[in-house]
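Values in this document were obtained by computation on a predicted structure and should not be read as measured data. A note on names: the letters A, B, ... follow the listed sequences, proteins ahead of strands, and every chain is numbered from 1. Quick note: numbers below take in every heavy atom, side chains included, and nothing from hydrogens, waters or symmetry partners.
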There are 4 protein chains.
Amino acid sequence: MNPPDIQLKSSRRRDAILNALDDALRELPYSQVTIEDIANRAGVGKSTIYRWWKHKSELVLELFKERTETVFDFDFSQSLTYNLTQQLMKLSYSLDSHIGRALMVAMAENRLHSAEFFRQYLRPRREQTLALIHLAIQRGEISAQYDFELMLDSLYAPIHYHVVFFNQQPTSAYIEALVKQILAPIQRSTH
Amino acid sequence: MNPPDIQLKSSRRRDAILNALDDALRELPYSQVTIEDIANRAGVGKSTIYRWWKHKSELVLELFKERTETVFDFDFSQSLTYNLTQQLMKLSYSLDSHIGRALMVAMAENRLHSAEFFRQYLRPRREQTLALIHLAIQRGEISAQYDFELMLDSLYAPIHYHVVFFNQQPTSAYIEALVKQILAPIQRSTH
Amino acid sequence: MNPPDIQLKSSRRRDAILNALDDALRELPYSQVTIEDIANRAGVGKSTIYRWWKHKSELVLELFKERTETVFDFDFSQSLTYNLTQQLMKLSYSLDSHIGRALMVAMAENRLHSAEFFRQYLRPRREQTLALIHLAIQRGEISAQYDFELMLDSLYAPIHYHVVFFNQQPTSAYIEALVKQILAPIQRSTH
Amino acid sequence: MNPPDIQLKSSRRRDAILNALDDALRELPYSQVTIEDIANRAGVGKSTIYRWWKHKSELVLELFKERTETVFDFDFSQSLTYNLTQQLMKLSYSLDSHIGRALMVAMAENRLHSAEFFRQYLRPRREQTLALIHLAIQRGEISAQYDFELMLDSLYAPIHYHVVFFNQQPTSAYIEALVKQILAPIQRSTH
DNA sequence: AGCTAAGCGAGACGGTACGTCAGGTCTTGAC
DNA sequence: GTCAAGACCTGACGTACCGTCTCGCTTAGCT
């Protein structure tokens, strides 16, 4: 059943639906975007959407994934500090967008969805980041002894926090300070 | 409008309504709790609720405030580390409760509400915490030069993050490590 | 609970809804009239209709009853033949109307509804007609020995049959012939 | 279009579809039997059904015709009374069956279909019955002067009426009484 | 103690969106 | 080349809540 699933959902219809959702979220907040509205904008029947996605939140997650594919990409030729700063800036931008905000509402509304989001999306990206960190250790940029999971939380959490409670993405100065603060304890002097 | 507001909302009716919401949230997630349900549980007409609260989210915020009054209280005779650790633990517990989760959904669903929540609730608590920090500086526990706003974010954000994405409150070990990590750069040796 | 029921359903809203159904049935066949359409025409919410009537068919039955109240009335000063002929003509007219046709569809679609219709509506009218017959017997118009139930079927059934299968109400000549034929065996000579 | 029609519709596919409808109607009332259900039961694509039949009602009519072919057959060696009684009994049985009830719903739902049914099915059968009546006249069983169309209505209509409104087929006693009553005025004494 | 205006419960109301379902059309892949 | 399988668009269904409203009935608080 996998091939037809891929076949059909990756058709032009899938794109039309995701684009429709994108458009709708530009105009209205997540809670006011209805499945019916999305269907109409996509020129698609409501049941076509329900056939492939159980909830509006799944649609949002899929849209977010697709539109933020490159957010977590690293440039391994650059330093850890640079990479983390860049990534957090792109993440800030993504979360503060119409899609990112919708995603956060969707995640908040349903524990299972947020768990799924973490498992499917955030965890793999954390793994990548951990890989980058290990590379930095090998390169001698940072020291090896540290609670890196806590470190990741300390990097990512404030970004979400800012977007949700301060209602805006953090400034680049803030992000730079954040990265600097978190990396300071393990940073090797770069004389 | 203030006197009657206080008069009426502080009556047994107000309590009945908040208790009804509390009960309802124990059984159902925020999104599935309806105003009608709350009214029935409280033995109260729907319009009585709408008379005093515009949105379900306001009700939740009020309930959260009432039930977490002591969460941010400090014991100024104790050390900064101790106070922060205790506070974050109580915060973790509160956020991971049925009420805390409801609050976070309510905040996510509406930017204005989350801004309001920050202004009304979080900011004052941050001020208190800053006061505690300044006390610690005077006491010589920590050094004075620091971006304390960033520090506060770094303390509070991971707690929210854990509850939302890990679907559980952080362990006390985690919180201790977090506080230790954040305070390390400014901690004076306590010989 | 009876008074409020009567109170509310006999309000101007009830009339608006029945009138809306009446209007709709003039334009569209029963199966194409939707509850939503009725609600819109009546300037009423869909749920108001569902609150009082379980099915579209109940609405139609109620409308039919209201609009055919006088169909079965007799003029006891007139002869049996006259009364039956008049009644069958009015019945023909009622059944061949937009409302009557809708009623017959509604009855056909659901055995329980047709049984209910018979019990609530047709049977009482048959009782009246039987009373008329007994009066005619006392008056000496007809003889007493007869299977009057069969007689009633023989009178009413062809009317329905004509409307359904011939797609038109029977002519007055037809009705007169029908009554004459059915009454002939028991008619006393009217010298 | 006629040859392929005959060709294909008389194939095993046609039988499979009609049998599937038959089966389905045994389990569910007409309104709840869907084309999709029929197609699945028949192991046939939905479009195969739509290719040959425009509406569910046409399918039902075709099924009814096929399964009631002998209902109107006469035994010309027997009396008119006998033949009519037998025919009405078979008709009662047919109409009260799952297929007959489905047919009546289908007819009620659409005026054109009921007119078509009358033209295609009932009228030819009435012709046959009229032929039988003329034979009886020739045989001297009955007198010639009569409104035989009205007579046919008086015979057939009460059968439909009983099935629809009394929710059951008439008893054989009822049918015998009916035939007797209708024939009485023109019956020649059979001393 | 009685009067009167408010607050109140109850729940009907006009709406909106839901998620399901069946109708009828169109596409695809296997045989 | 035919046809089953089933995706698809459409539109009605009946439900659930929304937030507003009207209606009598408490029930204080003032006379």
Side-chain angles (χ1 to χ4, degrees), chain A residues 1 3-5 7-9 11-14 16-17 31-40 42-56, chain B residues 4 7-9 11-13 16-17 31-40 42-56, chain C residues 1 4-5 7-9 11-14 16-17 31-40 42-56, chain D residues 4 8 11 13 16 31-40 42-57:
Chain A
M1 282 301 145
D5 188 62
Q7 204 90 13
L8 285 153
K9 286 228 298 182
S11 70
R12 76 217 100 89
R13 248 175 268 280
R14 194 194 87 108
I17 290 168
S31 60
Q32 288 178 42
V33 171
T34 71
I35 296 278
E36 203 146 9
D37 184 15
I38 300 169
N40 289 341
V44 138
K46 225 186 343 172
S47 43
T48 299
I49 296 180
Y50 281 111
R51 192 182 344 265
W52 299 111
W53 295 275
K54 281 225 176 67
H55 302 281
K56 203 169 46 164
Chain B
Q7 203 93 11
L8 286 153
K9 287 227 298 181
S11 70
R12 84 214 94 91
R13 247 177 268 282
I17 290 167
S31 61
Q32 288 177 42
V33 171
T34 69
I35 296 277
E36 203 147 8
D37 185 13
I38 299 169
N40 289 340
V44 139
K46 241 195 318 181
S47 40
T48 300
I49 296 182
Y50 280 110
R51 188 170 301 116
W52 301 113
W53 294 276
K54 280 224 178 66
H55 301 282
K56 200 170 47 163
Chain C
M1 282 298 146
D5 187 62
Q7 205 90 13
L8 285 154
K9 288 227 298 181
S11 70
R12 79 217 98 88
R13 251 175 266 280
R14 195 194 87 109
I17 291 168
S31 61
Q32 289 179 39
V33 171
T34 70
I35 296 278
E36 202 146 9
D37 185 14
I38 299 169
N40 290 340
V44 139
K46 224 185 350 168
S47 42
T48 299
I49 296 180
Y50 280 111
R51 187 172 303 115
W52 299 112
W53 295 275
K54 280 224 177 67
H55 301 281
K56 204 171 43 164
Chain D
L8 284 152
S11 72
R13 242 177 272 282
S31 62
Q32 291 178 39
V33 171
T34 69
I35 296 276
E36 202 145 9
D37 184 14
I38 299 168
N40 290 340
V44 139
K46 241 198 314 185
S47 37
T48 303
I49 295 181
Y50 281 110
R51 191 174 357 265
W52 302 113
W53 294 276
K54 282 226 176 64
H55 301 282
K56 203 169 45 163
S57 56

(request) Could you run through nucleotides 17-24 of chain F and give me one letter per nucleotide, 5' to 3': B if any protein heavy atom sits under 4.0 Å from the base, S if only the sugar-phosphate is that close, - if neither? (result) SSBBB---
From [X] [atom1] over to [Y] [atom2], what is the distance, rounded to the nearest 0.5 angstrom?
X: C:Ile49; Y: C:Lys56; atom1: CD1; atom2: NZ; answer: 11.5 Å
X: A:Asn40; Y: A:Thr34; atom1: CG; atom2: OG1; answer: 7.5 Å
X: A:Trp52; Y: A:Arg13; atom1: CH2; atom2: CZ; answer: 10.5 Å

(request) Using only side-chain N and O atoms of B:Arg13, determine if any of them is under 4.0 Å from OP1 or OP2 of E:dG7. (result)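 For E:dG7, OP1/OP2 do not have a side-chain N/O of B:Arg13 under 4.0 Å.
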(request) Give a yes/no on whether any side-chain N or O of C:Thr48 is located under 4.0 angstrom from OP1 or OP2 of E:dG14. (result)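 Yes.
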(request) Go through E:dC8, E:dA12, F:dA4 for me and flag the one nearest to the C:Trp52 side chain. (result)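 When the side chain of C:Trp52 is considered, E:dA12 is the closest of E:dC8, E:dA12, F:dA4.
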[X] [atom1] to [N] [atom2]: how many Å, rounded?
X: A:Asn40; N: F:dC9; atom1: CG; atom2: P; result: 11 Å
X: A:Arg14; N: F:dC8; atom1: CZ; atom2: C1'; result: 18 Å
X: A:Ile49; N: F:dT10; atom1: CD1; atom2: P; result: 12 Å
X: C:Trp53; N: E:dA12; atom1: CH2; atom2: P; result: 13 Å

(message) Restricting to side-chain contact (heavy atoms from CB on, under 4.5 Å), what partner residues turn up for B:Lys46, sequence neighbours left out?
(response)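 If we apply the side-chain contact (heavy atoms from CB on, under 4.5 Å) test to B:Lys46, skipping adjacent residues, the hits are B:Ile35, B:Glu36, B:Ala39, B:Tyr50.
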(request) Quick one: list whatever passes side-chain contact (heavy atoms from CB on, under 4.5 Å) with D:Ala42, sequence neighbours left out. (result)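 D:Ala42 satisfies side-chain contact (heavy atoms from CB on, under 4.5 Å) with D:Ala16, D:Ile17, D:Ala20, D:Val44 only.
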(message) Taking side chain to side chain donor-acceptor pair (under 3.5 Å) as the definition, give me every residue that meets it alongside B:Asp37, ordered by chain and number, with sequence neighbours left out.
(response)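 Expected list: B:Arg41.
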